[in-house]
Amino acid sequence: MGVKIGELFKEEKISFEDLRDRVVVIDAYNVLHQFLASIRQRDGTPLKNSKGEITSHISGLFQRTANLVEARIRPVYSFDGIPHPLKAKTLEERHKRKEQAEKEYLKALEEGDLKTARLKAQQTSRLTDKMVQQSKDLLDALGIPWIQAPMEGEAQASYMVKKGDAYAVGSQDYDCLLIGAPILVRNLTSQDKRKLPGKEAYSNVYPKQIMLKTNLKNLGITHKQLVDMAILIGTDFNDGILGIGPKKSLQLIKKNGNVENVLAAIDAKNPPTYDEIKEIRKIFLEPKITDEYTLQWSGIDNEKVLKILCDQHHFKKERVEPTLTKFANINHLIKQKTLF
Amino acid sequence: MFNAKVKSEVLKGIIDVVSPLVNEVKFNITPKGISLRAVDPAHVAMVDLEIKSDAFDEYKATNMELGIDMDKFASIIRLSTSNDMVNLEYDEDTNRLIIKIGNLVRKMGLIDTTGMPDPKMPNLNLPAKVVLKASELTQGVRASETVSDHLALTVNKDDFELFAEGDTDTVNLKLPKDLLLELDTNSKCKSLFSIDYFSNMIKPVRGDDPITIMIGNDNPIRVEFNIAENKGHVTYLLAPRIESE
């Protein structure tokens with residue numbers, strides 16, 4: 001989900017060509033959730049194999065990675081570890097919303113209302129431990145490196161960009177900017193059409209790049225103040241203040257300097273305690289990350305990939321093979337070492 | 001503040017050194033001269049460049065940064081002949097670089113340097129050192145370009161060797177110690193490099209000017225030489241290729 005702060009940021013349209021030869025760390029949970037929500041049939045049924053197991057995540061991960069490698073971009077995936085205790089509440093709420101959506105989905109199906117069915121179905125998708133493991137196994141077979149983050153995958157990704165090991169974080173969420181990622185790339189698909197959520201309309205989607213420092217400068221705030229703004233709006237770790245959206249929050253932080261001063265100046269219902277504020281700041285400003293990783297693209301094991309996709313997940317071989325050829329470019333990534 | 005007058009060929013030298021690796025760069029300007037350190041997008045190569053103020057005919061500067069789009073810069077400098085004088089002046093009010101060549105004036109918008117990285121030079125253990133005439137090396141690299149996309153450099157106790165192998169053809173250049181300006185190693189060192197990158201790195205060195213090479217085993221290479229009549233110094237690092245099975 002992440003903080004709803006996007007409208008304040010200036011985005012710059014880019015192309016895959018601009019990312020050529022660059023390392024992009026992708027928030028794995030973020031994309032897998034995306035695939036599970038969007039790769040579905042018209043009535044909202046996800047892709048399934050003949051055993052009835054969902055394969056949307058596998059299909060998406062395979063196609064997406066192939067397109068990136070074909071464009072000579074170097075993808076790395078960063079997987080979530082243990083969630084922060086403060087996120088537990090958000091996760092519980094999401095779980096409840098999913099159960100509700102499930103009921104509404106089944107009802108809509110029964111009534112033959114496919115539009116509602118698909119919309120509701122998208123809200124039911126769950127990323128299970130098994131799916132995460134299947135995704136990691138596929139990446140191993142593809143020779144694409146992945147990193148197990150101690151906590152938030154996007155915090156790890158942001159750290160790697162800050163350190164200079166990667167060019168940008170690939171995610172739809174803006175949270176990595178709060179964590180201090182210098183560059184965020186959204187819509188990591190080569191220019192394509194995407195269905196607008198809940199509508200029968202399509203829009204052209206391009207990759208977009210958001211630079212943290214430039215945006216902070218434009219907004220006239222510091223990185224710390226951006227985090228404070230997010231606390232007022234609401235994050236994955238707190239509810240935020242009723243009635244405060246991005247614009248109001250920016251205005252209040254610029255006027256008062258920080259969250260504590262804002263809360264002293266306004267009359268807020270259920271404001272976070274000072275201890276909570278301190279803890280949330282720590283999540284964004286001093287996240288738990290690891291230096292234990294190597295970025296090595298080790299080359300595709302065609303046989304293994306076919307085994308996973310065709311034997312395990314029952315993909316048709318003739319549909320897999322054209323995508324598989326896109327990985328030919330990976331040889332270039334393997335033989336050439338990098339300086340750091 | 002930055003206000004300088006310089007022969008076009010000095011600027012052309014800088015462009016030859018930097019452009020093949022990076023397009024958007026940050027020049028650090030000080031009263032003593034200008035410098036730059038940048039890594040290519042793939043993190044395969046690094047360039048470190050220093051030009052002393054006396055390489056310029058006139059030079060006045062305070063500490064500052066200039067963010068330059070090298071393609072744009074090259075397009076205007078290319079319009080001058082090598083002996084033309086080029087005037088460079090930073091216009092603080094509009095954040096532009098004013099480039100004057102004769103009666104031609106180009107006002108060039110600068111790139112925002114906030115957020116542009118300052119890469120650190122990695123610590124490398126490169127036990128073998130060779131100094132040779134650029135022309136000798138250039139010949140070997142040129143010959144290899146048509147044969148393969150990578151070449152092997154080997155420093156032995158008594159010679160320096162360049163070898164490239166394609167499907168049907170090979171290229172070998174062996175230079176014994178007495179043809180080299182310097183050779184220093186205790187043991188054989190060998191590493192492979194992309195010809196694309198390596199060829200671009202040695203291109204800016206003129207004819208018989210000396211070029212210094214330091215290598216290890218499957219380690220990056222360090223290439224050093226002077227430009228701007230020895231008033232400028234260039235250091236390149238290039239990560240190796242690894243042997244294919």
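Proteins get letters first, then strands, A, B, ... in listed order; numbering begins at 1 in each. Note that the coordinates shown come from a computational prediction; the quantities given were computed from them, not determined experimentally.
For B:Asn186, the CG atom is loosely surrounded, since the number of other residues' heavy atoms within 6.0 Å does not exceed 12. Heavy atoms of other residues, nucleotides or ligands lying less than 6.0 angstrom from CD of B:Gln139 number 12 at most. Heavy-atom contacts from other residues, nucleotides or ligands closer than 6.0 Å to NZ of A:Lys288 number 12 or fewer. For A:Glu303, the CD atom is loosely surrounded, since the number of other residues' heavy atoms within 6.0 Å does not exceed 12. In the displayed structure, A:Asp137 atom CG is contacted under 6.0 Å by more than 12 heavy atoms of other residues, nucleotides or ligands. Surrounding NZ of A:Lys208 are at most 12 heavy atoms belonging to other residues, nucleotides or ligands under 6.0 Å away. Environment of NZ in B:Lys190: sparse, with no more than 12 heavy atoms of neighbouring residues, nucleotides or ligands closer than 6.0 Å. At most 12 non-hydrogen atoms from other residues, nucleotides or ligands lie less than 6.0 angstrom from NZ of B:Lys107.
The ring pair (Phe, Tyr, Trp, His ring centres under 6.0 Å) search around A:Phe9 returns A:Tyr174, not counting sequence neighbours. When the salt bridge (charged side-chain N to carboxylate O under 4.0 Å, His left out) test is applied to B:Asp118, the partners found at least two apart in sequence or on another chain are B:Lys26.
Comparing A:Thr338, A:Asp165, A:Ile183, A:Leu339 by how many heavy-atom pairs each has under 4.5 Å with chain B, the most go to A:Leu339. When each of B:Pro119, B:Ser194, B:Pro240, B:Ala45 is scored by its heavy-atom pairs under 4.5 Å with chain A, the top score falls to B:Pro240.
Proximity to chain A (any heavy atom under 4.5 Å) is restricted, for B:Pro220, to the side chain, taken from C-beta onward.
Contacts between residues 212-228 of chain A and chain B, defined by a heavy-atom separation under 4.5 Å, are made by A:Lys213, A:Thr214, A:Lys217. Inspection of non-hydrogen atoms places B:Pro122 of residues 122-130 of chain B under 4.5 Å from chain A.
Looking at heavy atoms from C-beta onward, A:Lys337 lies in side-chain contact with B:Ile242 at the 4.5 angstrom threshold.
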